[in-house]
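Accompanying notes for the structure given below.
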Amino acid sequence: MTGQAEDPLLRVEQVHKRFGHLPVLNGVDLHVRAGEVAVVIGPSGSGKSTLLRCINHLEKIDAGRIWVAGELIGYRQRGDRLHELREREVAAQRRAIGMVFQQFNLFPHMTVLENVMEAPVRLRQAGRAGIRERAQALLERVGLADKVTVYPARLSGGQQQRVAIARALAMQPKLMLFDEPTSALDPELVGEVLDVIRDLAVEGMTMVVVTHEMGFAREVGDSMIFMDAGSVVEAGAPREMLANPRHERTRAFLAKVR
C-alpha cells in the first residue's frame, strides 16, 4: 500500500526483534497518520527505544514490516521475500525520519550553527548559503538564534537538546522520533524542550514520542501505546488511557509514574 490519503504515514506491523536469545519486540503494531503525535510509554526495558531504532533501521527487525510514507523501510520486497537494502539506500530513507536521542550527541568541535548545517551540507541538499539560512531559521524556531556561534560545551542540557531537535529538522523529515528527549535533563530544563515539541505538534509534524512526562502525553498526544516486555499491552487516546486504564499492568505502571 503506497501513497493513498487514508494510509497512515507510519505503519509498524507485527514487528519482532531479538538480541541473541532475548526477545525485545514481540509483534508490535503502531499506526500514525500524518500530523498526529503518538506517545509511547512503559517501564525501562519494555522495548520502547528499540521500537524507535527499528523504525529508522538503526536496528534490523527479525520479522514484520515498517513503512514510512508508503515506503518499506530497510528492505525491498520481491514476491514473498525481503531483501535488505544497501546502506546507501537505507541512509537515503533515513532523511525522511528525524530522530532525537536521550543524549544530545552534538559535535563538540562545531558551533551550534555548524552542527545544524552539517548533514545538509554533507548531502549537498542545496547551496551552502541556503543551508545556512535554513539552519539559522531553525535555531530561531527553537529559541536559540543568539547561540549560533557558541560551542555545545557552553550550553545547558536543555539548549543542547534544542540544538539536536533543530539538527534533526534540518533534513526536513516527514516523521520525527523522540526517544525520552528530557530524561537526561535537570528538572528545570525539561519544560523548554517540551515547549519546542508542543510547537512542532501545533505545526502538524508527525511524531512518535517515547516519554515519562504524563502531563505532556495527555496534552499533546493523539494516540498512546503502553508497552511492557516487548509487547503493546494497551492502546488508545491518551486522556482516556491515563484516566481509565483498562489493563491491570497499565494501572500498576501509571500508579508509579504519576
Side-chain angles (χ1 to χ4, degrees), residues 1-19 22-77 80-85 89-102 168 173-181 197 200-201 204-211 217 220-238 241 247 249-250:
M1 297 173 66
T2 58
Q4 296 182 19
E6 65 271 16
D7 288 346
L9 186 137
L10 169 66
R11 293 170 57 207
V12 176
E13 298 195 348
Q14 284 300 295
V15 165
H16 292 255
K17 172 67 182 175
R18 302 177 68 91
F19 291 126
L22 177 66
V24 182
L25 298 176
N26 301 306
V28 172
D29 292 315
L30 175 64
H31 290 184
V32 186
R33 297 193 178 279
E36 289 186 344
V37 179
V39 179
V40 184
I41 64 172
S44 297
S46 60
K48 307 183 303 295
S49 296
T50 300
L51 172 61
L52 294 193
R53 293 175 64 84
C54 287
I55 290 172
N56 69 0
H57 208 63
L58 288 173
E59 298 288 353
K60 299 175 184 179
I61 62 177
D62 296 317
R65 303 285 191 278
I66 298 171
W67 293 265
V68 173
E71 187 171 5
L72 182 63
I73 298 299
Y75 301 93
R76 182 178 294 107
Q77 186 159 350
D80 294 331
R81 301 192 65 182
L82 291 181
H83 301 268
E84 189 163 357
L85 298 179
E89 296 171 301
V90 174
Q93 290 184 329
R94 288 196 189 113
R95 297 175 197 174
I97 309 169
M99 186 158 180
V100 177
F101 299 87
Q102 297 177 29
K174 298 175 182 176
L175 172 69
M176 284 284 287
L177 309 175
F178 290 89
D179 186 7
E180 298 192 37
I197 302 174
L200 292 176
M205 174 62 73
T206 310
M207 295 185 279
V208 181
V209 184
V210 172
T211 185
V220 176
D222 296 297
S223 62
M224 173 181 282
I225 63 172
F226 169 66
M227 293 183 64
D228 189 38
S231 298
V232 176
V233 175
E234 187 169 343
M241 274 185 62
H247 198 283
R249 183 66 187 92
T250 315

For Ala217 and Pro238, work out which heavy atoms get closest and say how close. O-CB, 3.5 Å
Would you confirm whether Lys17, through its side chain, and Lys60, through its main-chain N or O, come within 3.5 Å as a donor-acceptor pair? yes
How many angstroms lie between atom CG of Leu51 and atom CD1 of Ile66, to the nearest 0.5 angstrom? 7.0 Å
If you look at every heavy atom in Gly64 and Leu82, which pair is closest and at what distance? O-CD1, 4.3 Å
Looking at every non-hydrogen atom in both residues, tell me the closest pair between Pro173 and Gly98 and how far apart they are. CB-N, 3.4 Å
Calculate, to the nearest 0.5 Å, the distance between atoms CD1 and CE belonging to Ile41 and Met241 respectively. 5.0 Å
I need the minimum non-hydrogen distance between Met207 and Ala201, along with the two atoms involved. CE-N, 3.4 Å
Result of checking Ile55, Val32, Asn56 against Leu175 for side-chain contact (heavy atoms from CB on, under 4.5 Å): Ile55
Any Glu234 side-chain heavy atom under 4.5 Å of Ile225 side chain: no
Find the distance between NE2 (His31) and OG (Ser223) and round it off to the nearest 0.5 Å. 11.0 Å
For Leu30 and Ala38 the tightest heavy-atom approach is CD1-CB, 4.3 Å
Taking Glu59 for the side chain and Thr50 for the main chain, is one N or O donor matched with an acceptor at less than 3.5 Å? no
Once rounded to the nearest 0.5 Å, what's the spacing between atom CE of Met176 and atom CG of Leu52? 11.5 Å
Short question: side chain of Thr206, backbone of Gly35 - any donor-acceptor pair under 3.5 Å? yes
Nearest 0.5 Å, what's the CD-CD1 distance between Gln14 and Ile61? 11.0 Å
So, are Glu89 and Arg76 salt-bridged, with charged N and O less than 4.0 Å apart? yes
Locate the shortest heavy-atom distance separating Leu85 from Tyr75; write the atom from each residue and the value. CG-N, 3.7 Å
Please confirm whether the backbone N or O of Gly74 pairs with a side-chain atom of Gln93, one donor and one acceptor, at under 3.5 Å? yes
Do Leu9 and Val68 touch side chain to side chain, with heavy atoms closer than 4.5 Å? yes
Give a yes or no on whether the backbone of Gly42 and the side-chain of Lys48 come within a donor-acceptor separation of less than 3.5 Å. yes
Applying side-chain contact (heavy atoms from CB on, under 4.5 Å) to Arg53 and Met99, what does each step give before you reach the verdict? CA-CA 9 Å; Arg53 293 175 64 84; Met99 186 158 180; 4.1 Å; yes
Within a strict 4.5 Å, meaning less than it, do heavy atoms of the Glu13 and Trp67 side chains meet? yes
Going by distance alone, is a donor N or O of one side chain under 3.5 Å from an acceptor N or O of the other, for His83 and Gln77? no
What's the separation between atom CG in Asp62 and atom CG in Leu25, rounded to the nearest 0.5 Å? 9.0 Å
Side-chain (Arg94) to main-chain (His57) donor-acceptor, under 3.5 angstrom: yes
Check whether any side-chain heavy atom of Ser231 lies under 4.5 Å from a side-chain heavy atom of Phe226, and answer yes or no. no
Would Arg249 and Asp228 pass as an ion pair if we require N to O under 4.0 Å? yes
Going by side-chain contact (heavy atoms from CB on, under 4.5 Å), Val37 matches just one of Leu200, Ile197, Val209. Which one? Val209
Can you tell me if Glu36 uses its side chain to pair, donor with acceptor, with the backbone of Arg33 under 3.5 Å? yes
Considering only heavy atoms from C-beta outward, does the side chain of Met227 approach that of Val40 to under 4.5 Å? yes
Heavy-atom donor-acceptor pair, Asp179 side chain to Gln102 backbone, under 3.5 Å: no
